[in-house]
Each structure stands twice: as C-alpha cells, then as structure tokens.
Undergrad: 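Below is a structure I'd like to ask you about.
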Amino acid sequence: QTMMHNPNGRFVVVCGDGEYIIHTALSFRSKAFGAGLEFVWGHSSEYAVRESTNKVKIFKNFKEKLTIKPDFTAEGIHGGALLGVRGAKSLSFYDWDSAQLVRTIEIECQSVFWSEAGDAVAVCAEESIYILSYDKDAVEAASPDEFEEDGLEAAFDVK
C-alpha cells in the first residue's frame, strides 16, 4: 500500500489492493477512485494509473484523458515531467498531454527521479544511477518524421 501527495499538496492518494482513492489533503474528502495496480502524479493536475500489465490510463482534472497500451509488459510506472512506463529491460517515457512516445531507453531500472524543473532525470538501476538531461525544446520542435520506433534520440543526453 502507498500514500502520496500530489506536487502542489492539495490532494493525497492511497493506493493498494488493486484500487486507488484520491482525497483532498485538508478535509480528507474523497475526490476520485478507481481500479489500479499503481498510481503516479504528473507535474500539475495529471496523474496516471497502471490498470494492468498492458494498460496505463492518463487522467487530467479527475477525468480520463488517454490510454497507453505499450507493446511490452508494463511492470511499473513513474511520474514526473514525462510519464515513465517500465518494462523488464526498458523504460519508455511518454508525453502527458498526447501519450506520444518520447523515448525508450534500454535499461533494467528500479526507480526514476525527476528534478523539480523537469529538465533532468535520475534513472536508477540495481548497481548504477544515470543522470540524463531532458531537452523539452528539442521534443517540441521535432517533426513527426524525426520520431523513430524508440522515440526521439535528441530527447535525452547523459550528463
């Protein structure tokens, strides 16, 4: 079971036993609920729920917005500037607004930590930590033709 506040501190989610419940932080009133194996917050009013090993739903303002159906078994999800979906040997980052694949990195990761500014991410493996810089401007300026099967290569650089 997990419990965590959203980035602005107004809401708290309790997740466990195959479901999640979002409460207001001050009065602890129920705001939203649903089925889910795992829950993560985005940077604003977004959140994502891993409903199964092949479906991740993105919500904005407590309404379902998009569904991601990865072509691999989703073992976990990670919040931050981008939505991370973890597979057995890879980590795929998706845009919160469009669910577009930004980049897939071949790594067996355990944890993902974003900087508050959203311009750097630490990807933690069992025995290593990789610090990557995220180039949001390059992603926004890229044409659809520049996105390959594993996303946009210019999206991340190793620091």
Side-chain angles (χ1 to χ4, degrees), residues 1-22 25 34-60 65-140 142 147-159:
Q1 301 226 358
T2 61
M3 183 178 188
M4 69 181 119
H5 280 88
N6 76 329
N8 68 16
R10 293 181 55 209
F11 301 101
V12 64
V13 65
V14 178
C15 186
D17 299 329
E19 62 184 20
Y20 69 93
I21 302 171
I22 301 172
L37 301 173
E38 196 172 4
F39 182 103
V40 293
W41 293 108
H43 269 303
S44 57
S45 61
E46 298 137 340
Y47 61 90
V49 177
R50 182 172 64 98
E51 285 193 343
S52 66
T53 58
N54 60 357
K55 188 190 295 184
V56 177
K57 288 188 176 178
I58 298 174
F59 294 80
K60 183 166 182 133
K65 182 176 173 187
L66 299 163
T67 300
I68 297 171
K69 293 184 177 180
D71 57 358
F72 55 89
T73 300
E75 295 183 352
I77 56 176
H78 302 277
L82 296 173
L83 171 60
V85 180
R86 186 180 73 245
K89 297 186 182 273
S90 66
L91 175 63
S92 296
F93 290 103
Y94 293 88
D95 181 75
W96 283 99
D97 294 324
S98 65
Q100 178 180 14
L101 175 66
V102 174
R103 187 74 177 148
T104 295
I105 301 168
E106 300 300 321
I107 187 170
E108 293 181 38
C109 84
Q110 296 176 329
S111 303
V112 175
F113 301 98
W114 282 90
S115 67
E116 290 214 16
D119 59 354
V121 61
V123 179
C124 305
E126 190 170 320
E127 295 182 10
S128 306
I129 297 175
Y130 300 94
I131 308 295
L132 308 174
S133 60
Y134 170 56
D135 191 346
K136 182 179 181 179
D137 295 333
V139 173
E140 290 175 351
F147 285 84
E148 299 173 8
E149 185 179 333
D150 60 351
L152 182 68
E153 190 171 339
F156 290 98
D157 263 332
V158 178
K159 281 193 164 189

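What you see below is based on every heavy atom in this structure, not just the backbone, and it leaves out hydrogens, waters and symmetry mates.
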Undergrad: With the side chain counted from C-beta on, respond yes when V123 and I107 share a heavy-atom pair under 4.5 Å apart, and no when they do not.
TA: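 Yes, close enough: below the 4.5 Å cut-off.
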
Undergrad: Could you name each residue pair satisfying salt bridge (Lys or Arg N to Asp or Glu O under 4.0 Å) that touches residues 79-89, not counting sequence neighbours?
TA: K89-E108

Undergrad: Only distances under 3.5 Å count here; give the side-chain donor-acceptor pairs of residues 111-120 to other protein atoms, sequence neighbours excluded, each with its distance to 0.1 Å.
TA:
| from | atom 1 | to | atom 2 | distance (Å) |
| --- | --- | --- | --- | --- |
| S115 | OG | G118 | N | 3.2 |
| S115 | OG | D119 | N | 3.2 |
| S115 | OG | D119 | OD1 | 3.0 |
| S115 | OG | A120 | N | 3.3 |
| S115 | OG | A120 | O | 3.4 |

Undergrad: Between F11 and W41, is any pair of side-chain heavy atoms under 4.5 Å apart?
TA: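 Heavy-atom side-chain distance check passes, below 4.5 Å.
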
Undergrad: For the residue pair V102 and A155, what are the closest heavy atoms and their distance?
TA: CG1-CB, 3.7 Å

Undergrad: Mind checking what makes ring pair (Phe, Tyr, Trp, His ring centres under 6.0 Å) contact with Y94, not counting sequence neighbours?
TA: none

Undergrad: Please enumerate all residues that pass salt bridge (charged side-chain N to carboxylate O under 4.0 Å, His left out) together with D97, with sequence neighbours excluded.
TA: K65

Undergrad: Could you tell me if the side chain of I58 sits less than 4.5 Å from the side chain of L83, heavy atoms only?
TA: yes

Undergrad: Apply side chain to side chain donor-acceptor pair (under 3.5 Å) to D135 and list each qualifying residue two or more places apart in sequence or on a separate chain.
TA: none

Undergrad: Not counting sequence neighbours, which residues clear ring pair (Phe, Tyr, Trp, His ring centres under 6.0 Å) with Y20? List them please.
TA: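 Ring pair (Phe, Tyr, Trp, His ring centres under 6.0 Å) check on Y20 returns F39.
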
Undergrad: Find out whether V12 and M3 are in side-chain contact, i.e. whether some heavy atom of one side chain is under 4.5 Å from a heavy atom of the other.
TA: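 Result yes, sub-4.5 Å side-chain heavy-atom pair found.
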
Undergrad: Please name all residues satisfying side chain to side chain contact (heavy atoms under 4.5 Å, CB included) with E19, sequence neighbours left out, ordered by chain then number.
TA: none

Undergrad: For E149, check salt bridge (charged side-chain N to carboxylate O under 4.0 Å, His left out) against everything at least two apart and list the hits.
TA: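 E149 satisfies salt bridge (charged side-chain N to carboxylate O under 4.0 Å, His left out) with no other residue.
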
Undergrad: For side chain to side chain contact (heavy atoms under 4.5 Å, CB included), just list the numbers for D17 and Q1, CA-CA rounded to whole Å, side-chain angles, deciding distance to a tenth of an Å, and then say yes or no.
TA: CA-CA 7 Å; D17 299 329; Q1 301 226 358; 2.9 Å; yes

Undergrad: Check whether the ring centres of Y134 and F93 lie less than 6.0 Å apart, and answer yes or no.
TA: no

Undergrad: For a quick test of reading the model, state the closest non-hydrogen atom pair linking A99 to I68 and the distance between them.
TA: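 Between these two residues, the closest heavy atoms are CB-CG1, 3.8 Å.
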
Undergrad: Does the E38 side chain pair with the main chain of I77, one donor and one acceptor, at a distance under 3.5 Å?
TA: yes

Undergrad: May I ask you to check whether over 12 heavy atoms, not counting those of Q110, lie within 6.0 Å of atom CD?
TA: yes

Undergrad: Verify side chain to side chain contact (heavy atoms under 4.5 Å, CB included) between S92 and F72, making sure each step is shown before the conclusion.
TA: CA-CA 10 Å; S92 296; F72 55 89; 3.6 Å; yes

Undergrad: Quick check on I129: does its CD1 atom have over 12 non-hydrogen neighbours (other residues, nucleotides or ligands) under 6.0 Å away?
TA: no

Undergrad: Under the rule for ring pair (Phe, Tyr, Trp, His ring centres under 6.0 Å), what residues qualify as partners of W96, not counting sequence neighbours?
TA: none

Undergrad: Just to verify, what does E75 make a side chain to side chain donor-acceptor pair (under 3.5 Å) with, not counting sequence neighbours?
TA: none

Undergrad: Quick check for you: to the nearest 0.5 Å, what is the distance between T104 atom OG1 and F156 atom CZ?
TA: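 So the OG1 of T104 and the CZ of F156 are separated by 10.0 Å.
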
Undergrad: Could you list the residues that satisfy salt bridge (charged side-chain N to carboxylate O under 4.0 Å, His left out) with E46, not counting sequence neighbours?
TA: K60

Undergrad: Would you please name every residue forming a salt bridge (charged side-chain N to carboxylate O under 4.0 Å, His left out) with D157, sequence neighbours left out?
TA: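 Applying salt bridge (charged side-chain N to carboxylate O under 4.0 Å, His left out) to D157 gives none.
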
Undergrad: Check whether any side-chain heavy atom of S90 lies under 4.5 Å from a side-chain heavy atom of I105, and answer yes or no.
TA: no

